[in-house]
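Below is one structure, written out as structure tokens, with a few remarks after it.
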Amino acid sequence: MSNFGTGSRYEPKNTTNGEERQLTGEGEEEDEEDEEGNGRGMAAWERAYADERSWENLQEDESGILHAIDNKVLHHAQYRRRIRSLFSSATTSRIQKGLIRYLYIVIDLSRAASEMDFRPSRMAVVAKHVEAFIREFFDQNPLSHIGLVTIKDGVAQCLTDLGGSPDSHIKALMGKLECSGDSSLQNALDLVHGYLNQIPSYGHREVLILYSALSTCDPGDIMETIQKCKKSKIRCSVVGLSAEIYICKHLCQETGGSYTVALDESHFKELLLEHAPPPPAIAEFAIANLIKMGFPQRAAEGVVSICSCHKEAKVGGGYTCPRCKARVCELPIECQICGLTLVSSPHLARSYHHLFPITPFVEVSSSLVNNPHHRLPKTCFGCRQTFLAPGNKSSFHVACSKCNQHFCLDCDIYIHESLHNCPGCESRRFQSK
Amino acid sequence: MASITSKLYSDDVSLLVVLLDTNPFLWSGENTTTNSLSFPKFLTHVFSFLNSILLLNQLNQVVVIATGLNSCDYIYDSSSSPTTVESLENGRMPALCSKLLQNLEEFLARDQELNKDESPPGIASSLLSGSLSLALCYIQKVFRSGPLHPQPRILCLQGSSDGPEQYVAIMNAIFSAQRSMVPIDACVIGAQHSAFLQQASYITGGVYLKPPQLDGLFQYLSTVFSTDLQSRSFLQLPKPVGVDFRASCFCHKKTIDMGYICSVCLSIFCLSLVRLTLVLLQLQTGRGRLQNPSSILD
């Protein structure tokens with residue numbers, strides 16, 4: 001129970017929705033609230049205490065004064081842990097990644113998905129984040145395909161086939177959000193195994209299961225199915241929403257995937273988006289294959305032709321397949337007439353940063369910074385933000401080990417997560433070694 | 001186009017980041033085809049243009065980054081102008097010109113010092129990838145500054161030819177700009193079209209223009225590139241004409257319609273090879289960039 005009897009107003013800086021709320025001095029007694037089933041009865045200000053737990057954003061320093069937790073440094077520390085784990089096997093060794101991926105997303109729509117511990121319900125939260133995940137996935141892996149499978153009433157059904165267009169998947173998912181019955185892991189794995197066996201050998205086969213239930217109702221021996229998947233080299237990963245289940249853990253260990261359980265909504269989003277970048281390749285797929293692809297030119301404006309995806313006449317725009325001269329509307333796509341994969345060079349370029357990642361920046365030790373003998377830069381090289389916090393002490397920042405330019409924390413995160421170029425290295429023609 | 005949650009923009013306030021090409025090979029008069037325009041005349045056009053941007057709206061900001069031969073750096077930032085007495089007479093015009101010129105001179109001196117003895121053959125390309133990366137980092141800082149901020153866009157005044165070694169870095173910058181919804185406009189003042197900038201404008205939704213008459217550069221700049229993003233929907237701006245997205249094969253460097261792609265490293269070949277040594281060699285030598293593959297294939 002926390003009781004703010006001091007009568008002072010405090011504005012928490014960290015809020016999940018970006019709005020600013022104020023705690024008044026009257027204080028609140030925390031009731032032992034049951035989080036489920038209480039959503040409707042509470043007013044908005046009550047929900048702020050039940051859901052957001054804003055008192056957890058405070059901590060005391062040694063003199064007993066309350067401060068907000070410095071989220072920026074925490075966020076950066078978290079980001080650096082993640083980067084370090086990705087680069088853990090020394091930066092000199094380069095891990096080969098699976099760039100052409102065929103991923104099936106299995107969504108559990110059993111009875112357990114209607115639980116309200118994720119607001120408004122697990123199913124709605126999963127659908128929302130799967131939409132964001134699909135867009136992010138195609139952004140990072142333009143040559144890959146996604147298919148959707150749902151588990152309902154103990155039966156697995158294929159919602160959409162393997163395809164490369166995000167909108168068709170999202171539309172199909174949003175139209176079918178009802179949950180009932182039990183969930184069956186084996187049926188889902190059998191179905192996915194059947195589909196993934198048909199794809200060409202250079203593609204990486206992956207399954208991502210979003211599992212809400214705590215049990216599975218299987219018609220046969222699930223261990224056999226797991227061995228079948230392992231033999232077909234399908235990499236299965238699971239993101240659980242309820243609790244850790246042994247069978248999911250065993251499945252992921254056998255097939256080389258990752259098993260994580262979400263604690264809350266933002267954690268679930270983070271875990272889901274971790275599957276967007278390409279995973280390390282399985283050894284058997286390391287053999288390089290040459291895949292025939294076409295690079296269509298844009299058709300001239302004003303040309304009338306029948307489009308092969310919509311089967312109707314269209315004017316202008318579109319692309320012409322170089323092999324069979326059929327017109328397609330958008331790229332990347334597989335030509336419906338001759339089956340040639342059609343891409344454009346930016347689609348290939350989107351994956352280059354996976355092949356040539358930049359090394360993480362190193363922290364600048366504070367002893368070096370405050371030493372007056374070393375003349376270090378006072379502003380971030382990328383955004384010209386000054387490092388000097390009030391009080392003339394240099395705040396925490398990082399530097400690139402190749403070009404020795406200093407960057408602030410926000411630029412560090414932006415460069416490694418979105419830009420994938422070090423501005424310092426790109427701005428120097430001759431690197432001094 | 002990637003979907004990003006909408007941010008609150010001030011209505012027609014813009015932040016313009018100008019990337020100025022200061023490659024001495026471009027301006028030295030060796031390729032006389034471009035030189036109906038000398039560097040000083042070019043700067044007068046650019047100064048007038050920057051002043052007109054600042055006069056359009058009190059809250060507009062201009063940042064100038066120089067794209068040099070050996071380095072890139074910030075030259076001018078209108079939001080950091082000091083409020084001294086000189087800046088108040090005649091508006092900010094004298095202060096902008098003098099400050100910009102001074103910083104530009106210092107930058108060019110530093111850039112020249114970085115010249116190593118082994119000068120690159122022919123007309124070298126300037127470091128467009130570096131200045132694009134700097135511009136995007138600055139724009140991210142502006143995004144973080146609060147809920148209400150100017151709408152950013154980038155204008156490249158580029159004349160040097162495209163450097164193929166920068167392809168990957170420029171494409172990374174273009175995709176990052178597309179995700180942040182920052183349009184990249186391009187005004188090409190060199191002799192030939194720039195395929196990189198055509199792709200950049202097409203992918204990010206900017207405008208690409210190669211003015212036929214460089215004497216009237218200010219007119220092109222003020223009619224095409226000075227309007228803010230809100231007003232662009234009401235104007236007839238130059239449309240993208242047939243951007244060629246075909247790739248060129250790594251073995252012969254010619255553009256191809258159909259090719260073979262390696263499933264591991266995404267290299268493009270026009271012949272069907274039985275054994276692909278490229279990937280193995282690159283992994284063994286651990287080189288970071290796709291160097292000239294045809295030399296490895298021989």
Side-chain angles (χ1 to χ4, degrees), chain A residues 18 92-94 96 99-100 132 135-136 139 143 202-203 281 285-298 300 322-323 331 340 343-346 348-353 355-356 380-385 407 410-411 414-415 418-430, chain B residues 2-3 69-74 77 80 114 116 127 129-134 136-138 140-141 144 166-169 171-176 179-180 199 203 242-248 255-266 268-269 272-273 276 278-279 283 286 288-290:
Chain A
T92 49
S93 71
R94 315 250 306 271
Q96 192 177 321
L99 292 175
I100 304 186
R135 295 201 190 279
E136 179 71 20
D139 199 45
L143 303 172
Y202 51 78
F285 286 130
I287 315 160
N289 278 335
L290 287 174
I291 311 161
K292 188 158 183 167
M293 290 197 186
F295 297 96
Q297 276 195 314
R298 201 166 173 83
R323 189 153 71 177
L331 296 179
L340 183 65
V343 294
S344 65
S345 48
L348 295 176
R350 266 185 211 277
S351 300
Y352 286 155
H353 68 87
L355 295 169
F356 311 121
C380 167
F381 183 74
C383 63
R384 286 290 179 276
Q385 174 137 23
F407 296 94
D410 301 306
C411 280
Y414 172 65
I415 287 168
S418 183
L419 184 58
H420 305 291
N421 287 341
C422 167
C425 300
E426 294 299 325
S427 305
R428 291 281 175 269
R429 186 182 287 277
F430 304 114
Chain B
S3 62
L69 181 64
N70 301 316
S71 59
C72 306
D73 206 0
Y74 285 85
D77 183 352
S80 66
L114 289 171
K116 295 284 173 80
L127 296 173
S129 56
S131 49
L132 266 178
S133 308
L134 287 176
L136 287 168
C137 285
Y138 187 88
Q140 288 299 311
K141 182 179 89 164
R144 285 192 298 268
Q166 297 173 26
Y167 177 68
V168 178
M171 294 311 283
N172 284 338
I174 292 173
F175 294 132
S176 183
R179 284 174 78 139
S180 328
Q199 291 197 18
I203 292 176
V243 184
D244 191 356
F245 277 129
R246 287 180 304 172
S248 42
T255 43
I256 49 170
D257 274 337
M258 277 193 288
Y260 294 87
I261 313 261
C262 167
S263 58
V264 172
C265 67
L266 300 183
I268 308 166
F269 299 101
S272 173
L273 300 174
L276 191 68
L278 178 70
V279 172
L283 286 178
R289 297 255 170 255
L290 278 175

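All figures in this text were calculated on a predicted structure; none of them were measured in a lab. Each chain gets a letter, A, B and so on, in the order the sequences are listed, and its residues count up from 1. What's counted below: heavy atoms across the whole structure, side chains too, no hydrogens, waters or symmetry copies.
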| Do any N or O atoms from the side chain of A:Tyr202 and from the backbone of B:Val264 form a donor-acceptor pair under 3.5 angstrom? | no
| said: How close do B:Asn172 and A:Leu419 get, counting heavy atoms only, and between which atoms? | reply: CB-O, 3.3 Å
| field | Least distance between heavy atoms, A:Leu348 atom then B:Ile268 atom | value | CD1-CD1, 3.6 Å
| task | Go through the atoms of A:Leu331 and report whether side chain, backbone, both or neither lie under 4.5 Å from a heavy atom of chain B. | result | neither
| message | Taking A:Ala349's backbone N and O only, do any of them form a donor-acceptor pair with B:Tyr167's side chain (distance below 3.5 Å, no angle check)? | response | no
| Shortest non-hydrogen separation from B:Ser180 to A:Tyr414 and the atoms involved | OG-OH, 4.4 Å
| task | Let me know if A:Phe381 has heavy atoms under 4.5 Å from chain B in its side chain, its backbone, both or neither. | result | both
| message | Less than 4.5 Å to any heavy atom of chain A: does that hold for the side chain of B:Leu132, its backbone, both, or neither? | response | neither
| task | List the atom of A:Leu99, the atom of B:Ser263, and the distance in Å for their closest heavy-atom pair. | result | CB-O, 4.5 Å
| remark: Of A:Arg384, A:His420, A:His353, the largest count of non-hydrogen pairs under 4.5 angstrom with chain B goes to A:Arg384
| Most heavy-atom pairs under 4.5 angstrom with chain B, which of A:Pro423, A:Cys411, A:Ser344, A:Ser345? | A:Ser345
| said: Just so I understand: if I count every heavy-atom pair under 4.5 Å between each of A:Glu136, A:Arg298, A:Arg350, A:Arg323 and chain B, which residue has the most? | reply: A:Arg350
| task | Go through A:Ser351, A:Gly294, A:Pro346 and name the one with the most non-hydrogen pairs under 4.5 angstrom from chain B. | result | A:Pro346
